[in-house]
Amino acid sequence: MKTDKVDARTLAQILAADFLPPVWLPDERTSRRRRLVAQRTRVVRQRTRIKNQVQSILHRNLMPRPGQRRVRHARPRVAAAPPPAGQRA
């Protein structure tokens with residue numbers, strides 16, 4: 001029969017017999033690098049989400065995506081265009 005009491009007793013016996021392997025904990029340098037990689041991943045995802053939102057807004061308002069025309073020529077039109085009703089600026 002499997003219960004928490006049985007599991008706890010079994011784990012206690014294994015620990016007492018010194019059969020549990022030690023758990024590896026990352027050092028501070030490794031932890032810092034992991035946090036940095038995780039932060040970069042979040043920032044890249046956020047950048048992608050924002051770029052997709054901008055392209056969606058341009059598409060809804062029948063403006064070409066920046067890659068379809070020269071961005072230099074599209075920027076004045078985008079900056080001068082009023083935001084559509086109900087659309088956040």
Side-chain angles (χ1 to χ4, degrees):
M1 175 180 244
K2 183 164 172 56
T3 65
D4 286 342
K5 276 187 176 183
V6 173
D7 289 344
R9 188 176 309 120
T10 303
L11 283 174
Q13 290 170 349
I14 292 172
L15 180 62
D18 200 26
F19 283 145
L20 282 179
V23 176
W24 178 81
L25 293 174
D27 58 0
E28 183 56 35
R29 180 178 179 210
T30 303
S31 294
R32 195 172 348 145
R33 285 183 174 186
R34 285 181 175 181
R35 286 191 304 269
L36 189 61
V37 168
Q39 174 72 20
R40 182 185 185 281
T41 300
R42 285 190 297 271
V43 169
V44 168
R45 284 185 180 150
Q46 182 180 21
R47 179 190 66 183
T48 301
R49 187 175 54 251
I50 290 169
K51 286 172 73 173
N52 289 340
Q53 288 173 346
V54 167
Q55 288 184 4
S56 175
I57 291 169
L58 291 175
H59 180 71
R60 271 196 310 264
N61 293 294
L62 302 175
M63 293 184 178
R65 286 191 347 236
Q68 290 177 330
R69 287 184 73 183
R70 300 191 84 143
V71 176
R72 182 177 45 200
H73 299 297
R75 282 187 182 148
R77 280 190 345 165
V78 172
Q87 186 72 250
R88 292 189 304 189

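The first residue of the sequence shown is numbered 1, and numbering continues consecutively from there.
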Pairing residues for D4 by the side-chain hydrogen bond (donor to acceptor under 3.5 Å, both in side chains) criterion, not counting sequence neighbours: none
R45: salt bridge (Lys or Arg N to Asp or Glu O under 4.0 Å) partners, not counting sequence neighbours: none
same_hphob_cluster(L15, L11) at 4.5 Å side-chain heavy-atom cutoff: no
Interatomic spacing from OG in S31 to CG in L36 - rounded to 0.5 Å: 12.5 Å
Derivation and outcome, side-chain contact (heavy atoms from CB on, under 4.5 Å), residues Q39 and R35: CA-CA 6 Å; Q39 174 72 20; R35 286 191 304 269; over 6 Å; no
Working for side-chain hydrogen bond (donor to acceptor under 3.5 Å, both in side chains), residues R34 and T30: CA-CA 6 Å; R34 285 181 175 181; T30 303; over 6 Å; no
Heavy-atom donor-acceptor pair, T41 side chain to V37 backbone, under 3.5 Å: yes
Candidate pair I14 and T10, rule side-chain contact (heavy atoms from CB on, under 4.5 Å), full reasoning: CA-CA 6 Å; I14 292 172; T10 303; 4.0 Å; yes
Salt bridge (Lys or Arg N to Asp or Glu O under 4.0 Å) partners of D7, counting only residues at least two apart: K2
Interatomic distance, N52 atom CG to H59 atom NE2 [nearest 0.5 angstrom]: 13.0 Å
